[in-house]
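Just so we're clear, the structure is a prediction, and the values are computed from it rather than from any experiment.
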Amino acid sequence: MEEQAVVLYSAPAIGHLTPMVELGKLLLTRQPSLSIHVLLPSQAYEGGSISSYIAAVSAAHPSITFHHLPPTSLPPDYSTTSPHLETLALELLRLNNPNVHRTLVSISEIHRVRALVIDFFCTNALSVARGLGIPCYYFFSSSGNSLTAFLGLPVLHRTTAKSLKDLATDTVLRFPGAPPLLPSDIGELLQDRNDRAYELLLESATNMLMASGIIMNTLEKLEEEAVKAIRDGKCVPDGPTPPLYCIGPLVSSGDGGKAGSGGGPGNDKPECLTWLDSQPRGSVVFLSFGSLGLKEIATGLERSGHRFLLVVRSPATGKGHKAVSTAEPALLPEGFLERTAGRGFVVKSWAPQVAVLNHGATGGFVTHCGWNSVLEAVCAGVPMIAWPLYAEQRQNRVFMVEAMRVALPMEEAAGEERSVSAAEVERRVRGLMGPEGKAIRERMQHLKQEAQAALNPGGSAQVALAELVQSWNIA
């Protein structure tokens with residue numbers, strides 16, 4: 001009998017690739033006979049190596065095959081005024097269609113391709129799939145609340161003449177099923193309607209409506225109102241919404257070596273986990289940061305009086321960011337390590353985020369609000385402090401605080417976006433670990449149980465997965 005395959009097309013960044021691969025693993029648990037093929041385009045800019053991750057996944061899961069697509073290049077006369085690196089990535093993905101077509105045809109020679117699942121950055125592959133008669137599904141790896149805003153983008157574009165950055169700062173943006181947002185809450189790529197990045201993401205949001213379905217990495221019980229609004233068609237008032245499959249929460253299983261989340265270098269137990277073993281249950285605040293605002297963070301942690309595990313690592317954004325190493329103690333306040341010895345532990349490179357969050361001593365998590373990290377905290381039952389930096393993280397903060405009720409917000413210093421004061425760090429850490437955080441702690445324990453139930457046989461995620469696989473008519 002002809003072997004059946006599902007092809008996953010990911011953006012090359014690790015934050016996009018990891019949940020896509022987890023989706024592939026999940027499909028194999030439901031349909032072990034499937035062959036999973038992951039299409040990997042070349043990276044537009046240095047976003048961190050993914051080779052060790054791919055090698056580890058390939059070794060652990062022989063049914064998952066990675067296809068490295070040939071590099072694409074922009075036309076010699078290409079120019080753009082867009083300030084965003086992501087614009088270059090989106091443009092190169094647009095030019096990848098011939099490579100995607102050739103690879104799909106090649107896979108189809110020995111497999112029956114039942115579906116192409118694309119990252120929302122890879123929207124142009126929709127036309128390739130339709131041309132080959134292959135059902136195409138979007139995999140939306142951010143929150144359901146974010147999806148309501150993404151689906152609402154074409155409506156917002158039609159009904160608003162100005163760019164978001166030019167709207168009054170107190171303008172209220174409303175998307176069905178989600179809390180109100182301010183223009184500044186929306187990601188940087190969508191701030192300027194004359195920016196090429198905005199144009200390309202608007203195209204992706206429009207194309208999503210033509211997909212055979214939308215697969216979403218979320219827990220229904222975490223985002224009930226948003227999921228209901230999408231399913232009821234309220235986000236797309238002038239046409240049908242594709243079927244929605246909530247198959248989460250999917251988090252890294254740790255066999256891929258992703259820095260900061262899951263497995264890690266070597267097989268020895270990390271020193272930070274040994275340190276956590278000696279701490280009281282639920283007493284430690286976990287923070288994983290680059291060098292941004294480090295002195296303020298450290299000062300606030302010291303003043304809070306609470307135990308902490310602080311991971312200081314260089315963000316994988318290439319030029320312009322200085323790596324933090326043991327050779328740069330000046331980034332921390334003078335005498336900080338000595339004064340906090342015993343109740344604080346500083347890691348100057350890497351820590352296994354999933355393992356730290358699931359450790360009994362961890363009682364709080366200061367997060368940048370990336371969706372992968374949010375789901376990892378939900379599955380571990382750890383309450384959060386939300387401090388966004390980029391991409392969709394600012395709107396995630398609103399959703400986490402107001403809709404999901406899983407976090408306290410970290411408020412930026414006046415007039416200094418992305419910067420917080422030591423006093424704010426101290427206030428929020430005390431709040432989360434004290435009486436103010438009681439309701440969040442209780443809700444997180446409830447959501448942890450809901451996440452496990454969703455993933456168990458008969459749970460919401462398993463039911464959605466069964467419906468998805470059934471839609472592919474896999475024998």
Using side-chain heavy atoms (C-beta onward) and a distance below 4.5 Å, is Phe140 in contact with Met208? yes
Are the side chains of Trp371 and Thr218 in touch, meaning some heavy atoms are under 4.5 Å apart? yes
Check this for me, if you would: do Glu225 and Lys228 make a salt bridge, where the nitrogen-to-carboxylate-oxygen distance has to be below 4.0 angstrom?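 No, Glu225 and Lys228 are not salt-bridged.
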Backbone N or O of [Y] within a donor-acceptor pair of the [X] side chain at under 3.5 Å?
X: Arg196; Y: Glu91; result: no
X: Arg443; Y: Met404; result: yes
X: Asn396; Y: Ser143; result: no
X: Arg394; Y: Ser184; result: yes
X: Ser163; Y: Arg193; result: yes

Could you pull out the closest heavy-atom pair between [X] and [Y], with the gap in Å?
X: Leu164; Y: Leu190; answer: CD1-O, 3.3 Å
X: Leu357; Y: Val382; answer: O-CG2, 3.2 Å
X: Leu209; Y: Pro242; answer: O-CG, 3.8 Å
X: Leu95; Y: Pro75; answer: CD1-CD, 4.3 Å
X: Lys448; Y: Cys379; answer: CG-O, 3.3 Å
X: Ile247; Y: Leu26; answer: O-CD2, 3.8 Å

Taking only residues at least two apart or on different chains, which pairs with a member in residues 459-469 satisfy side-chain hydrogen bond (donor to acceptor under 3.5 Å, both in side chains)? none
Verdict with supporting geometry, Leu27 and Leu465, side-chain contact (heavy atoms from CB on, under 4.5 Å): CA-CA 8 Å; Leu27 290 171; Leu465 180 65; 3.7 Å; yes
Any side-chain donor-acceptor pair under 3.5 Å between [X] and [Y]?
X: Ser146; Y: Gln395; answer: yes
X: Ser141; Y: Asn217; answer: no
X: Asn372; Y: Glu376; answer: no
X: Thr123; Y: Glu203; answer: no

I need the full list of ring pair (Phe, Tyr, Trp, His ring centres under 6.0 Å) pairs touching residues 8-29, with sequence neighbours left out, sorted by first then second residue. His16-Phe121
Can you pull out every ring pair (Phe, Tyr, Trp, His ring centres under 6.0 Å) where at least one residue sits in residues 183-241? Sequence neighbours excluded, please.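 Pairs touching residues 183-241 that pass the test: His157-Tyr198.
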Taking the six-membered ring for Trp, are the ring centroids of Tyr138 and Phe120 within less than 6.0 Å of each other?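 Between Phe120 and Tyr138, which both carry aromatic rings, the centre distance is not below 6.0 Å.
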Counting only heavy atoms not in Arg112, do more than 12 sit closer than 6.0 Å to its CZ atom?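 Not buried by this count: 12 neighbours or fewer within 6.0 Å.
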